[in-house]
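Input: a single structure, listed below in structure tokens.
Sequential numbering from 1 along the given sequence is applied to the chain's residues. Predicted model, so just to flag it, every value in this text is computed and none were measured.
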Amino acid sequence: MSKLSYGLAAAAAAAFLAGAAGAAETVKVKLEPVVSGINQPLAMIQPAGDNRMFVIEQWGRVMIVEDGQMHGTPFLDIRGLVIDRHPDFDERGLLGLAFHPDFANNGKFYVAYSAPLDAQGDLGQILWYSHSNVVAEYTVSEDDPNMADRFSGRIVSSIPWPQFNHNGHWIGFGPDGMLYISTGDGGYANDWGIGHNPQIGNGQDLTTPLGKILRIDPETGEAPADNPFVDNEDADPRIYAYGLRNPWRCSFDKGGDNALYCADVQQNSYEEVNKIMAGANYGWRRMEADKCFNFEEPDNHPASCDMAGLEMPIMTYNNCTAKPDGCDGISVTGGYIYRGSHAAWDGAYIYGDWSKQFGTMDGQIMVGVPNGSGGYDRKMGEVVNMDGPIPYILAFGQDNAGEVYALTSITTGPVGSKDTIYKVVPAE
């Protein structure tokens, strides 16, 4: 970049930050439609060096979007492997997609989905558990680059799940070539009930993979030798970080220090975004966001608690369920650090919230603005080109150029094919 270009970019960034920090506390954006006719899009990934975008639909298909058009034939269709879902609302389905760093040469990619329960003869699970969350490797067909070999599936991870909700199961490759998996605490509420550690909850229990960020070798499904708990006999060696409730959509920064960011859906009062670090404890269920938490009285937060060894979130906000005054949503949706062409947004974390209410769509766009001291100031995204409420914000995507997209739905459940993906762009 030339000195003149650098100076202009720096000036634009300064103006953006100054405006965002002003009285309005908003960032003006537009949502430009990219493609419609999709079923509950939960991830959109562009492999390195590829001009295609791959979108997962919750009901079990991977679709290709190319030049603004969706291919008529699915890249992969595993609807027959995905557990039947409730039509009005369900958190199970095809949940994650990741492409091997050498996808262009080896054709390997990975999907995360909710499968019928594989209880391995465990009577307790047979009687009480909901399903298994699976991560499987597939390869591209030798005959058609736009088709996967549906017979190539190889399971690399399978975790039995107590309830239908809090599945997590974003998956993604880190800059180290390892595969990362987000896992919720197992479901229900307050990290309590069947399948949960009654004393401390699953989030704080290092013996279970639930409520964690896992890090595995994709070839073996095993923990790499440098995982933080690999030498702890009382811990699952796959654990990379813990103390999470339902990490819903994570991402690695394409620039900077390539850090991992995860939005973690909390209980009734607050929502949080975390910067994930090896071995860190993010507090659930000792904490809800940055507040002390009592699972027996979830809406009454103790004035003090043991915070020793806990990593605090980088951003929080009020959940409309129990904190309606000044609230901004009920379920945080993780996004991406912007690395696109709009210099003023460089380094900002674009994310959102599913909705401010359940029964009526009211999605929210948010922007975390770097504050110069290593943290972020949270601003609301003001969408200037849409009349009425924004659709439910399911997820975000990012292309190879660093631009960010919002994946939305007009229904609460995984039914129909009426949903739209938008590009998030500056309003000016």
Side-chain angles (χ1 to χ4, degrees), residues 1 6-7 9-27 29 170 172 174-176 180 182 212-213 215 228 240-245 247-266 270-284 286-292 305 307-318 328 332-340 342-353 365-381 396 398 402 404 424 426:
M1 179 181 289
Y6 182 83
F16 167 67
L17 297 180
E25 296 292 323
T26 62
V27 177
V29 303
W170 162 87
D176 53 9
Y180 291 72
S182 75
K212 312 296 190 296
I213 300 297
R215 177 176 179 260
Y240 183 77
Y242 66 111
L244 298 161
R245 182 178 180 272
W248 183 248
R249 309 297 83 173
C250 305
S251 64
F252 284 96
D253 184 1
K254 287 182 176 292
D257 57 359
N258 302 126
L260 175 61
Y261 293 83
C262 289
D264 192 22
V265 180
Q266 298 293 281
Y270 306 100
E271 297 297 308
E272 74 176 37
V273 176
N274 298 300
K275 186 174 182 178
I276 303 295
M277 293 173 285
N281 179 358
Y282 291 89
W284 178 253
R286 287 163 57 185
M287 307 281 293
E288 181 184 13
D290 57 354
K291 303 296 190 296
C292 298
C305 57
M307 298 185 185
L310 301 185
E311 187 69 30
M312 291 296 107
I314 60 173
M315 285 178 283
T316 67
Y317 59 92
N318 285 3
D328 288 321
V332 66
T333 300
Y336 289 82
I337 297 291
Y338 182 84
R339 297 298 181 187
H342 187 55
W345 285 9
D346 187 56
Y349 181 70
I350 299 177
Y351 67 115
D353 193 286
I365 301 293
M366 304 180 193
V367 181
V369 181
N371 59 22
S373 60
Y376 291 83
D377 295 328
R378 189 179 65 89
K379 312 298 174 185
M380 297 302 297
F396 288 83
Q398 187 172 44
V404 175
V424 183

Q.
What I'd like to find out is whether the side chain of D257 reaches to under 4.5 Å of the side chain of K275, using heavy atoms alone.
A. yes
Q) Angle class for the Y338/W345 ring planes (parallel below 30°, perpendicular above 60°, tilted otherwise)? A) perpendicular
Q) Is the backbone N or O of I276 less than 3.5 Å from a side-chain atom of N274, with the two atoms forming a donor-acceptor pair by type? A) no
(Q) If you define the side chain from C-beta out and look only at heavy atoms, does anything of V332 sit under 4.5 Å from W248? (A) no
Q: Check whether any side-chain heavy atom of M380 lies under 4.5 Å from a side-chain heavy atom of V27, and answer yes or no.
A: no
**Q.** C305 and K291: CA distance, side-chain angles, deciding distance, side chain to side chain contact (heavy atoms under 4.5 Å, CB included) verdict
**A.** CA-CA 9 Å; C305 57; K291 303 296 190 296; over 6 Å; no
Q: Please answer whether the main-chain N or O of A280 pairs with a side-chain N or O of E311 as donor and acceptor at a distance below 3.5 Å.
A: no
Q. Considering all heavy atoms of both residues, which atom of N281 and which atom of G309 are nearest to each other, and what is their separation?
A. CB-O, 3.9 Å
Q | Separation of C262 SG from I213 CD1 (nearest 0.5 Å) | A | 4.0 Å
Q) Quick one: does R245's side chain have a donor or acceptor within less than 3.5 Å of a partner on V265's backbone? A) yes
Q) Quick check: does any side chain N or O of D377 sit under 3.5 Å from a backbone N or O of V369, one acting as donor and the other as acceptor? A) no
Q.
With a 3.5 Å distance limit and no angle check, can you tell me whether D346 reaches the backbone of R339 through a side-chain donor-acceptor pair?
A. no
Q: Return the minimal non-hydrogen interatomic distance between T333 and A263, and the atom names on each side.
A: C-CB, 3.9 Å
Q | Residue that, paired with V273, satisfies side chain to side chain contact (heavy atoms under 4.5 Å, CB included) out of Y349, Y317, Y376 | A | Y349
Q: Without swapping roles, check the side chain of W170 against the backbone of S182 for a donor-acceptor pair under 3.5 Å.
A: no
Q.
If you define the side chain from C-beta out and look only at heavy atoms, does anything of Y282 sit under 4.5 Å from M287?
A. no
Q) Roughly how far, to the nearest 0.5 Å, is CE of M315 from CD of E272? A) 11.0 Å
Q: Return the minimal non-hydrogen interatomic distance between G368 and Y351, and the atom names on each side.
A: N-CE2, 3.9 Å
Q: State, to 0.1 Å, how close E271 and A289 come at their nearest heavy-atom pair, and which atoms those are.
A: O-CB, 4.1 Å
**Q.** Minimal non-hydrogen separation, G283 against L310, with atom names
**A.** CA-CD2, 3.9 Å
Q | Member of D328, T316, N371 meeting the side-chain hydrogen bond (donor to acceptor under 3.5 Å, both in side chains) criterion with R378 | A | D328
Q. When you measure from the side chain of Q266 to the backbone N and O of W284, does any donor-acceptor pair fall under 3.5 Å?
A. no
Q: Kindly assign one of parallel, tilted or perpendicular to the pair Y240 and Y180, based on the angle between their ring planes and the thresholds 30° and 60°.
A: perpendicular
Q: Identify the heavy atoms of A348 and P370 that sit nearest to each other, and give their distance.
A: CA-CD, 4.0 Å
**Q.** Exam field: side chain E288 to backbone Y270, donor-acceptor pair closer than 3.5 Å
**A.** yes
